[in-house]
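Labels below follow one simple rule: chain letters A, B, ... track the order of the sequence lines, proteins then strands, and each chain is numbered from 1.
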Amino acid sequence: MIWATLLMALREIRRNTMRSILTTLGIVIGVGSVIAMVTLGRGATAKITAEISNMGTNLLIVMPGSDRRGPTSASAPPLKIDDVKAIEREVSAVDKVAPTASRAALIVYGNKNWNTGVTGSNNEFFTVRRYAIERGASFSDAQLLSGAPVCVLGATVRKELFGQGDPLGAAIRVGAVSCTVVGVLASKGMSTFGSDQDDFLVMPLAAFQRRVAGNYDIGAVFVSATSDKLTTKAKQQIEALMRERRRIAPGQLNDFRVQDMKEISDTLGSVTGALTALLGGIAAVSLLVGGIGIMNIMLVSVTERTREIGVRLAIGARGGEVLLQFLVEAITLSTLGGMLGIVFGLAISYVATRALKMPFMVLPDIVVIAFAFSATVGVAFGFLPARKASRLNPIDALRHE
Amino acid sequence: MSAAPSGPHAPSAPSAPREEAVAPLIELRDVWKTYGHDESEVHALAGASLHIDDGEFVAVMGASGSGKSTCLNVLGCLDQPTGGQYLFRGVDVGKLNADQLALLRRSYLGFVFQGFNLLARTSAVENVELPLIYRRVGHAERRRRAMKALDEVGLASRATHTPAELSGGQQQRVAIARAIVTDPQMLLADEPTGNLDSARKADIMNLLVELNRKRQITIVMVTHESDMAEYATRIVHFHDGKVDSDRRVER
Ligand SMILES: Nc1ncnc2c1ncn2[C@@H]1O[C@H](COP(=O)(O)OP(=O)(O)O)[C@@H](O)[C@H]1O
Ligand SMILES: [Mg+2]
């Protein structure tokens, strides 16, 4: 009987091709979208985490201004070169120190011009921020000391001003200053957040301060701790030193901050967490929509199905036999839809993660949950109206409107 | 579990006790079927009593709304009366559960509905096969018997057509084929000639007469056409949910 019922259910699925396809489609969409969304969210999170650790977990950034935005940050005195020297001299856990100051400037070469960021720093900057010199060289000691008007170009700037041409030795104008190109950086590409990490150029700090900025302020100091483990210690030492140098009384808030990458990664982590939650939410909605779709199709056909059940009962089928057939039908469609949904969801997320250069990580839990939910909806809405009908008097089922 | 209602004891009418070995096929005792409540109450059957023996061909007549279809549905165990007793071969049908009723229908009854009730998008032969599936008849045998039944109603050439591809009269004949394919003890037909032209009507009636005579199938047929009723051996007339007259026909 089981075998005969199975055959009958399969025949019914074929007989009601459109209804079967729509039901299956509802489940495919529900399961597929959940899997795609969550897999993408997971891939994005993994990519961001990887990029942060690639920036160096031993990196610290010292900046003037308090954590909180407000009047204090405006009135906080800027950092000076003496602060940088003090950090180099007195903080034992510190390896490399790169003071930086930046501003936007128009740069011109021949008939081309380009708006970009100009940063003044030293050679440690390239190490700490993990930029490689692709052509030419970094700054010589003499250039750094004298504040010579030389610069190293980011890949984007080089492309915009020189195209395929050779920039080394060329004189470009940075704001009002004429400046010789001595090196070009290797491209780092887009950051996770879509900003171009190659759209800037670097000059010796002294040259930047004297010729471009016109003051001796330092915007941020990039510091690398001697090891990952000493990052926290380095941070504490720098904070103690800066409080002393800036004469902050005990109990008063800092008017500067020392950010470490862990902090940044925590912030990003919460952002990506929110992203995953959002995608999960969208996925849950699609699951629900898929479920409602299945429900609709099943309910629309309830009258026809009820009458059919009436016919079957009238010619001698037992309620249980009819029910078994409808259950098999619902399970078959739901399982088929669920499987197709898994394949479809994984395929989409595979293609998307490849395109977005994200890792492709499958979360088995989500696959199982999505499948179980859709299958339950499919079976419930295929089966429950059938159960109701199979308990009617045959004549009432036949007369159903 | 079996609902085989071959009662060993003969139910005896209070006034006229019978001494038969086998109980009569059908006995309706003061059967009521009431729809609705209070003011909107309708008595489709209002104390109908009827006795049908094996081998009879009963035509049920009466005005529209007199309770003919309701009576047939009760006889076919498709509907439950709200009052009175229905004995099938001495077994009180009111005491059977849904599964037992299903087995009773499966084993003994064939039904031709007024509105055919064929499965849509399903070929004629598959529709006729349906009762055999629930009787566990094997695939090849099922097909053979279904084709034979279709042949009997003159529709073998339309076996693969779906109801949508058949005329009303042809659907009617598929419905008859489905009812007789199981060789039932009793065939219940609600206006089986309602959608046919007069030539076809005669064909179908001759088929029913033949089933009744040769295969000893008891037939209860609802009709409002007196010339169709003349094919029967007995005409029962309904009026307001009760049996009004009951007479034998000389063929
Ligand atoms: N499901 C129902 N609900 C309410 N009234 C019904 C229902 N079925 C039949 N009736 C009523 O019962 C009466 C008898 O109906 P029926 O047996 O179909 O008559 P016939 O077949 O003799 O024309 C009619 O008055 C009809 O309106
Ligand atoms: Mg009627």
>> Given heavy-atom pairs under 4.5 angstrom as the criterion, report whether the side chain, backbone, both or neither of A:R307 touches chain B.
In response: neither

>> I'd like to know if A:R11 and B:E126 make a salt bridge, using a cut-off of under 4.0 Å between side-chain N and carboxylate O.
In response: yes

> Minimum heavy-atom separation for B:R106 to A:A317, with atom names?
Replying inline: NH2-CA, 4.0 Å

>> Can you give me the closest heavy-atom contact between B:Y134 and A:G316, atom names plus distance?
In response: CB-O, 4.4 Å

> Looking only at heavy atoms, which of residues 162-177 of chain B get nearer than 4.5 Å to chain A?
Replying inline: none

> Does the salt bridge (Lys or Arg N to Asp or Glu O under 4.0 Å) test come out yes or no for B:R121 and A:E308, once each step is laid out?
Replying inline: CA-CA 12 Å; B:R121 300 183 293 282; A:E308 178 182 331; over 6 Å; no

> Which residue out of B:T182, B:L118, B:N117 racks up the most heavy-atom pairs below 4.5 Å with chain A?
Replying inline: B:N117

> Got B:H139 and A:L7 here, is their nearest side-chain heavy-atom distance under 4.5 Å?
Replying inline: no

> Does any N or O in the side chain of A:R15 come within less than 3.5 Å of the main-chain N or O of B:T122, such that one atom is a donor and the other an acceptor?
Replying inline: no

> Just how far is it from atom CD1 of A:I395 to atom CZ of B:F113, taken to the nearest 0.5 Å?
Replying inline: 6.5 Å

> Which heavy atom in A:R318 sits nearest to a heavy atom in B:A102, and how many Å separate them?
Replying inline: CG-CB, 3.7 Å

>> Tell me whether A:Y350 at atom OH has more than 12 heavy atoms from other residues, nucleotides or ligands lying less than 6.0 Å away.
In response: no

>> Tell me whether B:R142 at atom CZ has more than 12 heavy atoms from other residues, nucleotides or ligands lying less than 6.0 Å away.
In response: yes

> Which region of B:R135, side chain (C-beta onward) or backbone (N, CA, C, O), has a non-hydrogen atom less than 4.5 Å from a non-hydrogen atom of chain A, or is it both or neither?
Replying inline: neither

> For the atom pair CG (B:L78) and CG (A:D396), what is the distance rounded to the nearest 0.5 Å?
Replying inline: 10.0 Å

Could you pull out every donor-acceptor pair under 3.5 Å between side chains of residues 145-155 of chain B and any protein atom, sequence neighbours left out?
{"residue": "B:R145", "atom": "NH2", "partner": "B:V181", "partner atom": "O", "Å": "3.4"}
{"residue": "B:E152", "atom": "OE1", "partner": "B:R215", "partner atom": "NH2", "Å": "3.1"}
{"residue": "B:E152", "atom": "OE2", "partner": "B:R215", "partner atom": "NH2", "Å": "2.9"}

> Non-hydrogen atoms of chain A under 4.5 Å away: do they reach the side chain of B:A179, the backbone, both or neither?
Replying inline: neither

> For A:R399 and B:N73, what are the C-alpha separation, side-chain angles and deciding distance, and is it a side chain to side chain contact (heavy atoms under 4.5 Å, CB included)?
Replying inline: CA-CA 12 Å; A:R399 280 196 195 127; B:N73 292 337; 3.6 Å; yes

>> Using side-chain heavy atoms (C-beta onward) and a distance below 4.5 Å, is B:I133 in contact with A:Q325?
In response: no

> Do you know which two heavy atoms are closest between A:A314 and B:R105, and how far apart they sit?
Replying inline: O-CD, 3.4 Å

